[in-house]
Amino acid sequence: MEHDVTFFRPYPFVVGQKLRIVEGRRKGDWEVVCVKEHKVTLRCPISKKEFEWDRFCYLVEEQKDIRWPAP
């Protein structure tokens with residue numbers, strides 16, 4: 001029997017990327033400052049605070065020419 005299956009892959013972060021997380025407790029604009037095998041460090045573009053978290057994001061959509069950080 002065949003089924004509809006949804007596949008998820010961890011996002012391949014790249015240092016210098018600008019991100020907008022749209023849901024969850026980490027929502028907001030971030031810049032990737034360090035990528036390790038199991039961790040990613042993100043910096044807030046407003047406060048400049050950095051946070052290291054377990055890798056957690058999954059690609060949903062990419063957009064070009066978007067204002068960042070959000071007003």
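Just so it is clear, the model here is predicted, and its values are computed rather than measured.
- The aromatic rings of W53 and F51 lie parallel to each other, with less than 30° between the two planes, well short of the 60° mark.
- Heavy atoms only, all atoms of each residue included: V40 and D54 are closest at CG1-O, 4.4 Å.
- Shown here are the side-chain hydrogen bond (donor to acceptor under 3.5 Å, both in side chains) partners of R26, two or more places apart in sequence or in another chain: there are none.
- Under a hydrophobic clustering in which Ile, Leu, Val, Met, Phe, Trp and Tyr are joined whenever their side-chain heavy atoms come within less than 4.5 Å, directly or via other members, W30 and V33 fall into different clusters.
- Looking at D29, its side chain never comes within 3.5 Å of a backbone N or O of W68 through a donor-acceptor pair.
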N/O donor to acceptor pairs below 3.5 angstrom from side-chain atoms of residues 41-48, sequence neighbours left out:
residue	atom	partner	partner atom	Å
R43	NH1	E50	OE2	3.0
S47	OG	K49	N	3.2
K48	NZ	P45	O	3.0

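- Considering every non-hydrogen atom in both R55 and K36, the closest pair reads NH1-O, 3.2 Å.
- Inter-residue side-chain proximity for V35 and V15 is flagged as met; some heavy-atom pair is nearer than 4.5 Å.
- Of the possible polar contacts, none joining the R20 side chain to the P69 backbone as a donor-acceptor pair under 3.5 Å is found.
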